[in-house]
Amino acid sequence: MQLERTVNPKILVIDDDDQIRRLLLELFSEVYDCWEVGSAEEALLLLGRESFDLVISDINMGGMSGLELVPRVHSISADSVVLMISGQNNIETAIQAMRAGAFDYIMKPLEIRHVEAAVERALKQSLLLKEKRRYKDQLEQLLTERTAEVNRLAYYDTLTGLPNRALFEDRLEQAVAVAERSETKLGVLFIAIDQLQKINTLGHLAADRVIKEAGVRLRRCVTERDTVARFGGNEFALLLTRIEETKAVVETITSIREAMKPAFELEGQQLFTTASIGISLFPHDGAESQGLLKNAGAALYRAKKAGDDHYQFFTADMHAKASQQFALETSLRYAIDNEELLLHYQPRTAVDSQKITGVEALVRWQHPQLGLVSPAEFIPLAEDTGLILSLGEWVLRTACRQNRTWQERGFAPMRVGVNISARQFKQPHLAETVLQILAETGLAPEYLELEITESSIMDNADSAIAVLTGLKQEGITVSIDDFGTGFSSLSYLKRLPIDALKIDQSFVRDVTTDPDDAALVMAIVTLAHNLRLKVVAEGVETEEQLRFLHLLRCDEVQGYLFSKPLPAEALEELLTYNPSELLSQAILQA
Ligand code: C2E
Ligand code: MG
Ligand code: MG
């Protein structure tokens with residue numbers, strides 16, 4: 001180790017013998033900063049003011065001995081090195097002094113060579129001690145810094161600098177204990193920044209900035225004693241303490257929603273977002289922290305379900321439902337891989353010829369525990385989670401392949417209708433996916449019909465027109481499903497490149513008994529025919545409905561009257577021998 005001294009070493013010589021003091025000073029004062037005193041007592045006084053690298057001390061002096069002095073020197077200045085001067089007759093004492101902490105001893109009569117060597121060694125030792133101390137100090141400082149850093153990482157979110165989940169839970173636990181004793185209320189708010197998907201498309205840096213800024217805004221909505229934490233992703237949690245009444249919570253919610261309103265400024269872009277909030281209250285919604293968190297989470301889940309920018313207080317029935325949904329969501333993720341999905345096919349028949357013109361593919365989920373789950377239950381879930389994209393692709397592929405198989409087996413070619421959900425319709429590569437599946441399964445485009453709901457078209461009519469035009473150019477048929485339930489502007493209908501309208505079953509149900517529904521169906525049929533669109537009535541269950549729809553010049557029908565949706569094999573029987581042809585003839589001629 002290369003040791004370097006920055007200042008001249010300081011040496012203190014203690015001896016009651018003037019001659020020895022003089023000798024040592026003569027020897028060293030040119031090179032070192034030398035001081036001298038005649039007794040241990042004087043030395044202690046001086047050591048209180050000055051610190052020395054090296055103390056050279058006689059053992060036997062008038063008052064306090066060198067032996068007693070050594071520990072006292074070290075207690076004043078731990079890094080001072082002590083060198084004893086000992087006479088021949090008290091070597092024992094010198095050794096004792098070394099046990100007490102002296103570094104070395106030199107013997108009288110002083111021999112210059114020995115003294116110089118001893119002083120040099122002692123000074124080196126003093127340097128070493130200082131170096132060690134500095135190293136130790138640095139290490140300690142580093143350790144304290146590291147510990148603080150580790151704590152920060154363990155309890156604070158790096159992006160926002162806010163407390164993290166662990167710290168929040170800790171504080172919540174303490175707050176619950178305090179609130180219990182003082183019989184006060186607490187509010188736990190779970191907050192999710194909405195439309196994060198949209199924000200993420202701008203890149204993760206942009207998303208990070210939104211999250212960070214949201215954290216700052218949330219912090220401004222509460223007082224010093226409340227905790228705002230980031231739970232990860234787009235989720236924050238807020239702990240409101242000492243709330244006298246629910247009104248205070250509502251006020252905070254209002255201020256949070258206000259705080260989210262101003263645009264988030266991202267390089268050259270303004271981004272608008274909202275927050276969804278779920279709330280649970282102590283003691284009403286839970287007696288301990290975990291319960292409160294879980295229930296605020298369930299409330300948030302419900303708030304999100306209601307769409308963006310909603311808040312929801314926890315209610316007792318919520319938890320059962322929410323956890324059911326969670327469970328369903330998880331198992332849906334594996335449904336395709338586990339081959340739990342299957343398709344049923346429901347025939348569509350022409351009203352006057354009663355011939356089967358096509359089938360609609362309707363997905364079913366054979367859940368290992370729950371049995372057959374209705375699409376009405378899991379399609380919305382698949383939409384929410386994005387699973388609809390892979391699910392929809394599976395349906396499309398399976399339906400096309402099945403239809404192609406029927407053709408290969410010699411059945412009269414017909415169209416298969418496939419439902420396309422709103423989210424599927426909005427995905428940028430829909431047309432490519434469809435064409436690729438057609439190519440892959442070998443089904444000609446004219447035998448595929450896509451059923452698109454009115455609302456997914458109306459969400460963005462202009463881009464819908466472009467997509468539909470593309471599909472139509474490829475020879476694919478498009479119909480509007482559940483027609484009458486959305487809010488189609490009729491002027492758009494004229495511009496939409498579609499082939500058919502499927503009248504929603506809610507209008508068909510009462511068509512024979514409710515004059516308004518009858519008038520509506522009639523109007524739809526007239527309008528559609530003017531636009532050269534076919535009209536299909538859904539949910540036809542009775543002979544009366546069929547007769548009436550025939551009168552209204554409806555083109556095709558679909559419903560339990562002819563057939564429920566059937567597994568592929570069962571449908572084949574229907575294709576082989578179609579009893580409804582005879583049945584319908586009988587009905588219509590009656
Ligand atoms: P939808 O496309 O309007 O399908 C017609 C629904 O009416 C089907 O319900 C069918 O079983 C039912 N139905 C047919 N005839 C009658 C009848 O005479 N009376 C009554 N009461 N109902 C009848 P299902 O199979 O439960 O499907 C419900 C909805 O789920 C479908 O409505 C469709 O929107 C959606 N869906 C089904 N399969 C898929 C799919 O593969 N992808 C997507 N995105 N959605 C699907
Ligand atoms: Mg449909
Ligand atoms: Mg429908």
Side-chain angles (χ1 to χ4, degrees), residues 332 335-336 340-349 356 358-366 371-403 415-427 430 433-434 437 448-457 477-486 498-512 534-546 549 554 556-568 570-571 574 580:
L332 185 58
I336 299 179
E340 290 166 13
L341 296 181
L342 58 139
L343 292 186
H344 280 182
Y345 299 89
Q346 187 177 36
R348 230 163 89 172
T349 48
I356 293 177
V359 289
E360 176 175 4
L362 294 158
V363 68
R364 301 288 179 262
W365 180 12
Q366 185 65 54
L372 212 59
V373 185
S374 147
E377 238 173 284
F378 68 86
I379 293 289
L381 201 61
E383 274 265 293
D384 279 357
T385 51
L387 287 171
I388 192 71
L389 299 183
S390 50
L391 189 151
E393 227 181 284
W394 179 88
V395 170
L396 201 57
R397 183 171 287 114
T398 311
C400 289
R401 188 177 294 138
Q402 180 61 64
N403 200 19
R415 268 203 286 268
V416 65
V418 173
N419 293 286
I420 300 294
S421 83
R423 187 144 170 194
Q424 255 182 301
F425 187 64
K426 272 183 217 136
Q427 99 187 93
L430 176 70
T433 310
V434 172
I437 286 173
L448 174 64
E449 176 163 339
L450 300 182
E451 299 192 5
I452 294 153
T453 62
E454 210 176 341
S455 49
S456 57
I457 291 176
T477 307
V478 176
S479 56
I480 298 190
D481 206 355
D482 304 343
F483 189 77
T485 56
I498 51 169
D499 301 275
L501 298 182
K502 296 186 81 173
I503 299 178
D504 192 67
Q505 43 181 280
S506 58
F507 303 108
V508 174
R509 192 180 307 128
D510 300 324
V511 78
T512 54
K534 267 207 184 110
V535 181
V536 185
E538 287 192 296
V540 180
E541 292 181 356
T542 67
E543 296 176 6
E544 291 75 38
Q545 287 168 341
L546 177 66
L549 290 163
C554 196
E556 295 182 16
V557 286
Q558 182 180 337
Y560 295 167
L561 177 65
F562 295 99
S563 170
K564 291 206 160 177
L566 298 171
L571 190 95
L574 213 64
S580 63

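Everything numeric here is computed off the predicted structure, so don't read it as measured data. Each ligand, and each atom within it, is numbered from 1 in the order the structure gives.
- A donor and an acceptor atom, one from each side chain of Glu360 and Asn419, are located under 3.5 Å apart.
- Restricting Glu360 to its N/O/S atoms, the shortest distance to the Mg ion (ligand 2) is reached by OE2.
- Residue Glu541 has at least one heavy-atom neighbour below 4.0 Å for each of these atoms of ligand 1: 17 (C), 18 (O), 19 (N), 20 (C), 21 (N).
- In summary, the atoms of ligand 1 found under 4.0 Å from a heavy atom of Asp482, numbered by their order in the structure, are 3 (O).
- At a 3.5 angstrom cut-off on N or O pairs, Ser374 does not count as close to ligand 1.
- Counting atoms of ligand 1 from 1 in the listed order, those under 4.0 Å from a heavy atom of Val395 are 41 (O).
- Residue Arg364 has at least one N or O atom closer than 3.5 Å to an N or O atom of ligand 1.
- With ligand atoms numbered from 1 in the order given, ligand 1 contributes 44 (N) to contacts under 4.0 Å with heavy atoms of Ser421.
- Checked against Thr349 for a side chain to side chain contact (heavy atoms under 4.5 Å, CB included), the options Val557, Val536, Val540 give a single hit: Val557.
- Taking every non-hydrogen atom of Val540 and a distance limit under 4.0 Å, the qualifying atoms of ligand 1 come out as 18 (O).
- If you look at Glu451 and ask which of its N, O or S atoms sits nearest the Mg ion (ligand 2), the answer is OE1.
- Within the listing of ligand 1, atoms 15 (N), 18 (O) sit less than 4.0 angstrom from a heavy atom of Gly559.
- The side chain to side chain contact (heavy atoms under 4.5 Å, CB included) check on Gln346 picks up Leu362, Gln558, Tyr560, Pro565, with sequence neighbours excluded.
- Using modelled atom types and a 3.5 Å distance limit, the side chains of Gln545 and Thr512 yield no donor-acceptor pair.
- Annotation: Ala361 places no N or O atom under 3.5 Å from an N or O atom of ligand 1; distance criterion only.
- Between the side chains of Glu449 and Ser479, at least one donor N or O lies within less than 3.5 Å of an accepting N or O.
- Of all atoms in ligand 1, listed by their number and element, those nearer than 4.0 Å to a heavy atom of Gln346 are 14 (C), 15 (N).
- Listed by first and then second residue, the ring pair (Phe, Tyr, Trp, His ring centres under 6.0 Å) pairs involving residues 382-401 amount to none (not counting sequence neighbours).
- With respect to the Mg ion (ligand 2), Asp481 has OD2 as its nearest N, O or S atom.
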